[in-house]
J.: 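Quick one: the structure is below, and I'll ask about it shortly.
These numbers come from the heavy atoms of this one structure, side chains and all, not from hydrogens, waters or symmetry mates. Here the structure is a predicted model, which means the values were calculated and not measured.
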Amino acid sequence: MIVAERKPIEQIEAMIEGFDRILIVGCGTCVAVCMAGGEKEVELLAAELRMKGKLEGRNRTIDEITVTRQCDKEYLDALEKYADDYDIILSTACGAGVQLLAERYDEKIVLPALNTLFSGVAEGAGQWTQRCMACEDCILDQTGGICPMTICAKNLLNGPCGGTDHGKCEVDGEKDCAWTLIYNRMKKLGRLDYLKKIQPPKDYSVMTKPGRYTHEAFKEAQQEE
Amino acid sequence: MTQNDTTEPFEPKVVAYCCTYCAYTAGDLAGSMRLEYAPNVRVVQILCTGKIDAVLLLRAFEDGADAVYVAGCAIGDCHFLEGNLRAIQTVAHTKKLLAEIGLEPQRLEFFQIPASAGPLFAQRANEMTERAQKLGPNPLRKTMKQNAGRKLDKAPDQHPPLPQAKHGQLYCR
């Protein structure tokens, strides 16, 4: 899941400065789960901006709507009948959603209300951690389901390094050493011998951006076109 | 924030979200005990304070409430185990949101009022009304009529005052 956080209200306020009709568009998928840009958060942000505006004596209209997903074009079509009534669209989707919205309504000013953080998991109530950095060549089979590319500060594939300190990382004493975690997990699984295998250097050439992917089933159809 | 300049004392509007098991029952008890408390408090019964949401609290302020409080069970007494703990979190978060937009966070509070504490219910109602009186009217009151979508034919403050309650006897004007 993509994890994001709302931008500071001052920053949002600076972005929308000078516009009177604002539509806030929420996204009902990842950012709704991480309590940053779903239906509820959009309502909250709209209420906050409305109240702030009134307290400062501004007369502006702020309305809200939430779509199922902002990263799929078909869901954005629903906004067509509203978009013309507003000066700007403030999107509470991740960066990908904001970009697609800006592409779909390219005659409108589309602004981001969130900072996209990472793709991660929920650790507890209101707490998320990064677990994957989309390196395009998954090695979790070799590391007991713990990703050294994400958790290890040095992205080591053959760890640990000399900086491991009682299970913590030399870079930050708060952070776990990925390779200590991997060792303990592999020990628990009885697969320590796997760690003796030397991993070849990571192929970073596949990590070129922007990433592009076509599903196998659609490749032929695309070629025909 | 200064008191309004009119000669009439400012009568704040206070919204109280009360949990049905503790605070609302305490309110009932306060009534049975014939306790007098500020008539400025509008009680909204909710099943559990865990239901309270930041949107709900902000909306009360947006619609012109001068103070809002959420009253729930004492810690460990929640009928739904941890609803009041969640409400404490929600209220604390909403206070930050209020500060963010420039409204005094003191206008919002969470109180623990056990079902047996009728006098405490009255005390909290008076306390919150006094606090609202000190803070002055919510600046968003001016736009209240507009928020109600022109449903109000006159400003809510112009409605006839509530009958005065005196030890169980209602004096209607």
J.: May I ask you to check whether over 12 heavy atoms, not counting those of K108(A), lie within 6.0 Å of atom NZ?
T.: yes

J.: Check the surroundings of atom NZ in K51(B): do more than 12 heavy atoms from other residues, nucleotides or ligands lie under 6.0 Å from it?
T.: no

J.: Looking only at non-hydrogen atoms, find the nearest pair between I101(B) and L55(A) and report the distance.
T.: O-CD1, 3.3 Å

J.: What I'd like to find out is whether the side chain of E100(B) reaches to under 4.5 Å of the side chain of K52(A), using heavy atoms alone.
T.: no

J.: Within the supplied structure, the quantity of interest is the number of heavy atoms (other residues, nucleotides, ligands) at a distance under 6.0 Å from Q127(A) CD; does it exceed 12?
T.: yes

J.: Please determine whether a side-chain nitrogen of the Lys or Arg among R59(B) and E43(A) lies less than 4.0 Å from a carboxylate oxygen of the Asp or Glu.
T.: yes

J.: Measure the spacing between CG of L44(A) and CG of D53(B) and express it to the nearest 0.5 Å.
T.: 6.5 Å

J.: Using the rule side chain to side chain contact (heavy atoms under 4.5 Å, CB included), only one of L98(B), L103(B), L58(B) pairs with E48(A); which is it?
T.: L58(B)

J.: For R6(A), I'd like to know if atom CZ has over 12 heavy atoms of other residues, nucleotides or ligands within 6.0 Å.
T.: yes

J.: Verify the neighbour count for atom CD of Q106(B): are there more than 12 heavy atoms of other residues, nucleotides or ligands below 6.0 Å?
T.: yes

